[in-house]
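Encoded as structure tokens, the structure appears first; notes follow it.
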Amino acid sequence: MYILKNIKLPYQASNQDLQREVDRLLRGKDVPFELYKKSLDARKGVFYVYQVLVKKDLNKKTLRSLKNRIQAYQPQDLVLENKTRIKKVVIVGTGPAGLFAGYILSQAGVQVHLIDQGEKIQDRVRSVQAMMDHGSLNPQSNIQFGEGGAGTFSDGKLTSRSKDKRSREVFKIFVENGAPEDILYEQMPHIGTDILRAVIVRMRKKIESLGGTFHFQEKFTDLVLEDGKIQAIKTDKANYQADHYILALGNSARDTFSLLDNYISLEQKPFAVGFRIEHLRQDINLAQYKIQDPLLPQASYQLNYFNREKNLSVYSFCMCPGGYVVPASSEENRLCVNGMSYHDRMATNSNSAIVMAIDQEFFGPGALAGLDFQRKIEEKAYQLGGGQFTAPVQRLEDFFLGRPSQSFGKIQASYQPQTHFADLNLVYPEKINEGIKEALLAFDKKLKGFAHPDALLTGVETRTSSPVRLLRKDYHSLEFDNLHPIGEGAGYAGGIVSSALDGLKCALQLLACQDSQDKKD
């Protein structure tokens with residue numbers, strides 16, 4: 001097979017048009033192929049650019065004529081074998097890292113126990129809805145905690161900067177469990193929170209069919225040590241013994257970070273903080289495409305701003321076309337927000353986080369200093385909103401002028417349970433406010449209307465990534481060979497795909513199916 005690249009067609013082009021172009025380039029008729037990559041190019045007009053897998057032999061003359069547009073393709077399927085003959089693994093956390101580690105291990109015949117302080121999906125949905133309807137928080141089960149992890153209540157984006165070829169295995173597993181097949185080739189694939197929930201349930205049932213066990217509403221509380229090894233982990237309901245223990249924590253596992261600080265090496269990690277910004281979905285579509293056409297997908301964006309003289313890095317994060325701003329708090333009297341959208345992305349507003357990268361300049365030394373900073377900011381936001389997880393909001397014009405808004409403009413807040421007009425300049429240190437303002441003006445030059453006076457800010461976005469890193473070597477902690485910190489909470493991933501990939505690679509390491517790529521960890 002070959003990958004044929006850089007096939008550029010107008011966005012209205014049909015599958016038949018693509019077939020004709022493949023036939024023309026390969027000098028054939030009805031050449032068999034399948035989509036490998038599909039990306040949108042809206043720089044000069046609106047086009048799709050395709051890569052396809054060609055399923056036939058090509059002669060040397062055709063290969064020479066295509067030069068750099070074609071390359072050989074060799075599929076690399078995972079071959080699972082329990083070479084180390086491990087029998088039992090306990091996994092704390094059922095987000096992407098823990099779920100994929102459990103999925104791979106159970107496929108290889110290992111008995112897995114997955115523990116999560118939150119609820120299974122159907123119960124967790126009710127807890128999240130109670131938060132949105134009434135501001136009623138379940139600290140153990142919410143948008144941060146529960147089956148599927150924080151990504152379950154997000155846009156379900158499946159983008160990653162990893163060049164590891166096994167990322168494709170993550171997508172294939174999602175598709176095997178009910179995700180749409182277009183995630184295998186779309187440039188910016190997404191599932192949407194509605195479909196992702198069903199996919200996660202299917203993955204759980206597949207693990208259970210292979211002998212795995214899930215323990216929801218059960219909190220990891222301690223490690224049991226003996227002779228320099230972990231002999232068991234303790235929860236609020238039982239002790240669990242196994243050959244290996246995987247900590248697949250989310251980035252909000254604050255109590256657990258404090259517990260682990262007594263046992264293993266942790267270090268603080270830079271992260272980013274800011275606000276959610278909302279625009280009308282149709283305005284973002286028009287700014288990106290310069291046209292309105294229902295054939296086009298809802299527009300996304302990725303914006304970055306650097307000022308080296310001031311040491312500023314501000315960027316958009318977790319963009320949700322046609323989505324909602326949602327309450328992402330996991331602690332009483334502390335408020336933070338996130339973004340979420342369904343598969344069709346048809347809500348009135350589009351939103352993203354606008355965040356500034358920060359380090360110990362803002363939160364000082366100490367492994368848990370970033371975590372403490374997050375809590376202080378979230379407490380300020382809660383107070384500014386007036387309590388009951390009411391979110392403080394502000395029109396962009398008023399944010400620049402340093403005054404509370406008096407009314408919404410053309411953009412209404414999508415956040416539930418309720419909002420309160422406030423001056424968001426009162427939340428962060430002045431350098432963060434000024435950095436975000438500087439970036440917003442720069443973004444407006446890249447994307448017309450981004451700094452519109454009626455654009456709406458909602459506070460605060462603090463959970464962009466983990467504020468700590470659990471130090472490891474070869475996928476185990478520095479202190480214990482049978483304790484394995486993985487995923488976003490451990491500080492080694494960011495988002496659904498990279499977390500899932502980290503879980504997959506950890507499982508392969510335990511099975512001793514790793515290759516040279518893993519040894520770079």
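Values below: all heavy atoms of this structure, side chains included; hydrogens, waters and symmetry mates excluded.
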Original post:
Between Y245 and L223, does a side-chain contact (heavy atoms from CB on, under 4.5 Å) hold up when you go through it step by step?
Top reply: CA-CA 10 Å; Y245 304 89; L223 299 172; over 6 Å; no
**OP:** Please report the C-alpha distance between R281 and M346 in whole Å, then the side-chain angles of each, then the deciding distance to 0.1 Å, and finally whether the side-chain contact (heavy atoms from CB on, under 4.5 Å) criterion is met.
**Re:** CA-CA 8 Å; R281 170 173 54 86; M346 288 298 289; 3.9 Å; yes
**OP:** For V90 and F220, run side-chain contact (heavy atoms from CB on, under 4.5 Å): C-alpha distance rounded to whole Å, both residues' side-chain angles, the deciding distance at 0.1 Å, then the answer.
**Re:** CA-CA 11 Å; V90 171; F220 165 50; over 6 Å; no
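Checked by atom type and distance alone, the side chain of R124 pairs as donor or acceptor with a backbone atom of F145 at under 3.5 Å. Judged by distance alone, with hydrogens and angles left aside, the side-chain atoms of K380 form no donor-acceptor pair with the main-chain N or O of Y428 at under 3.5 Å.
Ring pair F373/F363 is tilted by interplanar angle, where 30° to 60° counts as tilted.
The distance between the ring centers of H215 and H113 falls below 6.0 angstrom. Separation of the Y305 and Y315 ring centroids does not fall under the 6.0 Å cut-off. Ring centroid separation for the pair Y475 and Y492 does not come in under the 6.0 Å cut-off.
Between K206 and E176 there is no salt bridge, since no side-chain nitrogen of the basic residue lies less than 4.0 Å from a carboxylate oxygen of the acidic one. With respect to K437 and E434, a salt bridge is recorded, a charged nitrogen being found less than 4.0 Å from a carboxylate O. Here E119 does not pair with R126 in a salt bridge; the nearest charged N to carboxylate O distance is not below 4.0 Å. Between R276 and E461 there is a salt bridge, since a side-chain N of the basic residue sits under 4.0 Å from a carboxylate O of the acidic one. R472 and D502 are joined by a salt bridge, as a carboxylate oxygen and a charged side-chain nitrogen come within less than 4.0 angstrom of each other. The existence of a salt bridge linking R375 and E378 is excluded, since no basic side-chain nitrogen approaches an acidic carboxylate oxygen closer than 4.0 Å.
Interatomic distance, I230 CD1 to H484 NE2, rounded to the nearest 0.5 Å: 10.0 Å.
Q298 and S350 share no donor-acceptor pair across their side chains, judged by distance under 3.5 Å alone.
The side chain to side chain contact (heavy atoms under 4.5 Å, CB included) search around A328 returns I143, Q144, C336, N338, not counting sequence neighbours.
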Going by atom type alone, with no hydrogens or angles, which donor-acceptor pairs under 3.5 Å involve a side-chain atom of residues 395-404 and a protein atom two or more places apart or on another chain?
from, atom 1, to, atom 2, distance (Å)
R395, NE, D454, OD1, 2.8
R395, NH1, E397, OE1, 3.2
R395, NH1, D398, OD2, 3.1
R395, NH2, E397, OE1, 2.9
R395, NH2, D454, OD1, 2.9
D398, OD1, R403, NE, 2.6
D398, OD1, R403, NH2, 3.0
D398, OD2, S405, OG, 2.6

